[in-house]
Colleague: 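Structure provided below as structure tokens; questions to follow.
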Amino acid sequence: MSNPRLNRALALETPTRVADGAGGFALTWVTDGTLWGEVKPGAGSDRAGVEIGLATVPYRITVRGAAVGSPARPKPEQRLRDGARIFLILAVTEHDPDALYLTCFAREEVPQ
């Protein structure tokens, strides 16, 4: 197995609830840091959204390994941002037997 090419700077973001001033909450995203990664697309699909159509594309994003519990280890429901592109993390697992790298199974939803 060859080493991945970690050639993209990806911002790791965590969802955070903040008071909206009207008794409710709004969801905002806080940047936790930058991870270098390799982004590989899978097969895409189309689906109807509530108001707009969405094209859904799965991705495998490989980043450097980090121990479970480390703030540098991505978690499901966090996201990775590459400029205007956003990848929602669905699952994370070790990429290799020595856990030198992690694979993030992610989804990019693009409004049509």
Side-chain angles (χ1 to χ4, degrees):
M1 178 186 313
S2 63
N3 289 337
R5 292 187 60 220
L6 307 181
N7 58 358
R8 287 202 192 172
L10 304 166
L12 178 64
E13 299 179 336
T14 301
T16 305
R17 288 175 33 159
V18 294
D20 65 5
F25 292 92
L27 183 68
T28 62
W29 293 89
V30 176
T31 302
D32 293 329
T34 301
L35 302 176
W36 284 88
E38 176 183 67
V39 179
K40 290 189 174 184
S45 65
D46 289 329
R47 68 180 174 148
V50 175
E51 296 179 15
I52 59 172
L54 293 175
T56 302
V57 179
Y59 282 83
R60 286 183 180 216
I61 302 173
T62 305
V63 297
R64 292 204 189 282
V68 174
S70 167
R73 185 183 177 105
K75 295 179 276 213
E77 298 184 17
Q78 287 183 314
R79 68 185 191 183
L80 294 165
R81 178 185 290 272
D82 182 14
R85 297 178 73 186
I86 296 172
F87 304 95
L88 180 64
I89 299 170
L90 305 173
V92 178
T93 189
E94 286 74 21
H95 176 78
D96 55 281
D98 296 325
L100 297 176
Y101 300 98
L102 299 170
T103 298
C104 300
F105 296 91
R107 180 182 67 229
E108 178 184 29
E109 291 184 342
V110 181
Q112 294 179 329

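Residue numbers count from 1 along this sequence.
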Colleague: Return the minimal non-hydrogen interatomic distance between Gln78 and Arg73, and the atom names on each side.
Modeller: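 What the structure gives for the nearest pair is OE1-O, 4.1 Å.
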
Colleague: From Ile89 CD1 over to Arg107 CZ, what is the distance, rounded to the nearest 0.5 angstrom?
Modeller: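 Here the interatomic distance stands at 12.0 Å.
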
Colleague: Any chance you could lay out the side-chain contact (heavy atoms from CB on, under 4.5 Å) test for Lys40 and Tyr59, step after step, and finish with the verdict?
Modeller: CA-CA 6 Å; Lys40 290 189 174 184; Tyr59 282 83; 6.0 Å; no

Colleague: For the residue pair Leu102 and Gly65, what are the closest heavy atoms and their distance?
Modeller: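 Closest approach of Leu102 to Gly65, heavy atoms only: CG-CA, 3.8 Å.
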
Colleague: Looking at every non-hydrogen atom in both residues, tell me the closest pair between Pro41 and Val57 and how far apart they are.
Modeller: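 Heavy atoms of Pro41 and Val57 come nearest at CB-CG1, 4.5 Å.
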
Colleague: Give, for atom OG1 of Thr103 and atom CZ of Arg60, the distance between the pair rounded to the nearest 0.5 Å.
Modeller: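 Thr103 atom OG1 to Arg60 atom CZ measures 6.5 Å (nearest 0.5 Å).
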
Colleague: Taking atom CZ of Arg85 as the centre, report whether more than 12 heavy atoms of other residues, nucleotides or ligands fall under 6.0 Å from it.
Modeller: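 Correct, the count exceeds 12.
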
Colleague: Sub-3.5 Å donor-acceptor pair from the side chain of Asp20 to the main-chain atoms of Ala22, do we have one?
Modeller: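 Yes; judged by distance alone, with no hydrogens or angles, the pair exists.
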
Colleague: Please determine whether residues Val92 and Ile61 belong to a single hydrophobic cluster, defined as Ile, Leu, Val, Met, Phe, Trp and Tyr linked transitively by side-chain heavy-atom distances below 4.5 Å.
Modeller: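 Linked within one cluster.
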
Colleague: Between Gly37 and Leu10, what is the shortest heavy-atom contact and its length?
Modeller: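 What the structure gives for the nearest pair is CA-CD1, 4.1 Å.
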
Colleague: Considering non-hydrogen atoms only, spot the tightest contact between Phe87 and Asp82 and give its length.
Modeller: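 Closest heavy-atom pair between Phe87 and Asp82: CE1-CB, 4.0 Å.
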
Colleague: What distance separates Tyr101 OH from Asp96 CG, expressed to the nearest 0.5 Å?
Modeller: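 Between atom OH of Tyr101 and atom CG of Asp96 there are 7.5 Å.
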
Colleague: Can you list everything that forms a side-chain contact (heavy atoms from CB on, under 4.5 Å) with Leu35? Sequence neighbours excluded, please.
Modeller: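 Leu35 satisfies side-chain contact (heavy atoms from CB on, under 4.5 Å) with Leu12, Val63, Pro74, Leu80 only.
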
Colleague: Do you know which two heavy atoms are closest between Arg81 and Glu13, and how far apart they sit?
Modeller: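 What the structure gives for the nearest pair is NE-OE2, 3.0 Å.
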
Colleague: Hey, could you give me the CG/CD distance between Leu90 and Glu77, rounded to the nearest 0.5 Å?
Modeller: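 Those atoms lie 9.5 Å apart.
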
